[in-house]
Amino acid sequence: MVIFSYHWQDPTVYNTNPLSRELRGIVFDKETGEIIARPFPKFFNLGETGCAVNSNDVVSANEKIDGSLATAFIHDSEIRFASKGSLNSWVTEKAEKLMTTNHKSLIHDLYDQRFTPIFELIDTDNPIVIEYPRSELVFIGARNIDTGDLLTPEEIEEVGRQYSVPFTRIQYNNMRVEEIKKEISDQEGIEGVVVYADNQRIAKVKTEWYHRLNKFNPQNFSEKAVIQAFFDQTLDDIYPSVPEASKKKINTVIQEINREIQQKIEEVREFFNSIDTSKMSRKDFAMAVINTRPEMKGVFFAVYDGQSIEEAVFQYLKKSFK
C-alpha cells in the first residue's frame, strides 16, 4: 500500500490544483493502482476560496468533532486504519484498540458497498483543543471509493444508530448556512459544524470560541503565531479568517519557512547520496554524522531508521522554531 498526503502545505496549495484536494490520506494498492481507501477530500471553511458551499445554500449540519482522522479499510481480509499521513501511527494503533465488534460490522458492510468508513478519534491522552470526557472512535461519514460521493448527515445518523456506534449528530436541518453561522457564533464547547449542501458539497463553519481557544487571533497575530500554526498544521483552517491585507504578511512567513525546509531537505539528501549506508555500521554512520553535521544528528538518524527525509526535516524544524 501507499498513502498520499502533504507533510506540510501552505494554505493556498489546494486552490491551485483541484487534484491536490484528494491528497489527504488517500491509500492505493501499489501493484494495481486501485484506490483502497478514499477519505474526505480537502474541504473549506465557509467563505474561503475553493469553498463550494455559499451562505444562501439550504443545508443540514453535523457537529464537527475535534479529534484525529482515522480512515478504515480492509486489506488482505484485515481491517486497517490510516491517519491523514500514515498507515502506522499512534492514531491507527489507538483506533484499533477502540474498535468494537459493532465498529467491525459497520466497516465490513460499508466497505463491501465500496464505501470508505471515516472516523474521528477522540483520545483523552492526546486532546487537540477540546478536552472530551472519554476516548471514542466516532463515526463521522463515509465516501464512495469510485464516485467520491459522501453519506449525508441523515445517512450518517442512520448508520450510526443501526450499528450502535458513537456518531456525529445532526445539529441543524434544512437551514440556510448564514442562519447556522449566526446560531453558532457565540456558542462555546464545540469546534463548529460541517454543513452538507449535498453528497459532494460540504464546508466547515467554526465558532469564535474555538478560534480564541486555538490561540490565534486573526485580527492581531505575530510571526511566531503563524509559524506555530504552520507546524501544528492548523494554518489552513485559520487562514480564511485573516483580513486580506494581513495575508501578505502570512504568505511572506510561509515562503521563508518553505525555503528553510527545502534547503534542509537538500542538505540531508546530499549527505545520504554521498555515503552508502548499507555498508556502514550504526557506529560508522554516527561518526560520519558527527564529522559532517552534528547539530542535525537527530534528522540523520531518523532517516537512517526509516523516516522520510521530508518528515524528519519537518519535525526537526518544528522543534527548532519553538
Side-chain angles (χ1 to χ4, degrees), residues 3-25 41-45 47-51 68-69 83-86 89 128-129 204 206 210-274 289-290 292-304 307-322:
I3 186 170
F4 284 86
S5 185
Y6 285 98
H7 284 292
W8 68 88
Q9 76 282 327
D10 69 59
T12 63
V13 67
Y14 301 109
N15 301 333
T16 57
N17 184 352
L19 187 60
S20 66
R21 299 173 192 172
E22 293 288 343
L23 306 182
R24 302 276 292 179
K42 166 64 180 177
F43 60 99
F44 301 89
N45 292 278
E48 186 178 0
T49 301
C51 184
S68 301
L69 186 72
S83 60
K84 194 176 77 171
S86 176
S89 67
I128 308 301
V129 173
K204 293 174 279 190
K206 296 193 175 182
Y210 184 81
H211 280 304
R212 290 196 303 271
L213 205 61
N214 216 15
K215 299 178 181 179
F216 190 102
N217 185 342
Q219 307 299 324
N220 183 22
F221 57 86
S222 65
E223 181 176 321
K224 182 178 180 181
V226 175
I227 293 171
Q228 182 175 339
F230 179 93
F231 282 107
D232 288 344
Q233 293 292 273
T234 58
L235 191 55
D236 61 329
D237 281 336
I238 297 165
Y239 191 79
S241 304
V242 177
E244 288 298 324
S246 300
K247 287 182 179 178
K248 291 182 180 180
K249 178 181 177 181
I250 291 181
N251 291 340
T252 299
V253 175
I254 292 170
Q255 288 170 5
E256 291 175 357
I257 297 172
N258 276 325
R259 277 196 292 269
E260 182 72 13
I261 290 173
Q262 293 299 335
Q263 180 181 335
K264 287 291 188 291
I265 287 174
E266 289 305 314
E267 291 175 7
V268 176
R269 187 172 286 126
E270 287 177 9
F271 172 79
F272 277 92
N273 286 339
S274 68
V289 170
I290 291 171
T292 308
R293 295 293 297 275
E295 76 280 6
M296 289 181 62
K297 63 181 180 181
V299 178
F300 291 122
F301 270 102
V303 176
Y304 181 82
Q307 195 173 59
S308 70
I309 293 176
E310 292 81 5
E311 182 65 15
V313 167
F314 182 86
Q315 295 301 331
Y316 167 77
L317 290 175
K318 181 177 181 178
K319 292 178 182 178
S320 67
F321 272 115
K322 285 189 174 182

J.: Measure across V313 and V268 and return the closest heavy-atom pair with its distance rounded to 0.1 Å.
T.: CG2-CG2, 4.0 Å
J.: Looking only at the side chains, is there a donor atom on one of E266 and Q262 sitting less than 3.5 Å from an acceptor on the other?
T.: no
J.: Side chain to side chain contact (heavy atoms under 4.5 Å, CB included), that's the test. Do F44 and R21 meet it? Break it down for me.
T.: CA-CA 10 Å; F44 301 89; R21 299 173 192 172; 3.7 Å; yes
J.: Honestly, is K318 close enough over F314, meaning NZ or CZ under 6.0 Å from the six-membered ring centre and within 45° of the axis?
T.: no
J.: Can you see which heavy atom on I227 is nearest to which on I257, and at what distance?
T.: CG1-CD1, 3.8 Å
J.: Passes side chain to side chain contact (heavy atoms under 4.5 Å, CB included), K264 versus V299? Steps please.
T.: CA-CA 10 Å; K264 287 291 188 291; V299 178; over 6 Å; no
J.: Using side chain to side chain contact (heavy atoms under 4.5 Å, CB included), reason through E310 and I265 one step at a time and then give a plain yes or no.
T.: CA-CA 6 Å; E310 292 81 5; I265 287 174; 3.9 Å; yes
J.: Quick one: closest heavy-atom pair of K42 and R24, and the distance?
T.: N-CG, 3.7 Å
J.: What residues, two or more places apart in sequence or in another chain, satisfy side chain to side chain donor-acceptor pair (under 3.5 Å) together with E270?
T.: none
J.: How long is the span from the OH atom in Y316 to the CD atom in E295, to the nearest 0.5 Å?
T.: 5.5 Å
J.: Quick one: closest heavy-atom pair of G25 and S5, and the distance?
T.: N-CB, 3.7 Å
J.: From Q315 CD over to S320 OG, what is the distance, rounded to the nearest 0.5 angstrom?
T.: 11.0 Å
J.: Could you label the plane-to-plane angle of the F271 and F300 rings as parallel, tilted or perpendicular, counting under 30° as parallel and over 60° as perpendicular?
T.: tilted
J.: Could you report the tightest heavy-atom contact between V253 and E223, atom names first, then the distance?
T.: CG2-CG, 3.8 Å
J.: Measure across Q307 and E311 and return the closest heavy-atom pair with its distance rounded to 0.1 Å.
T.: NE2-CG, 3.7 Å
J.: Between F230 and L317, is there a side-chain heavy-atom distance shorter than 4.5 Å?
T.: no
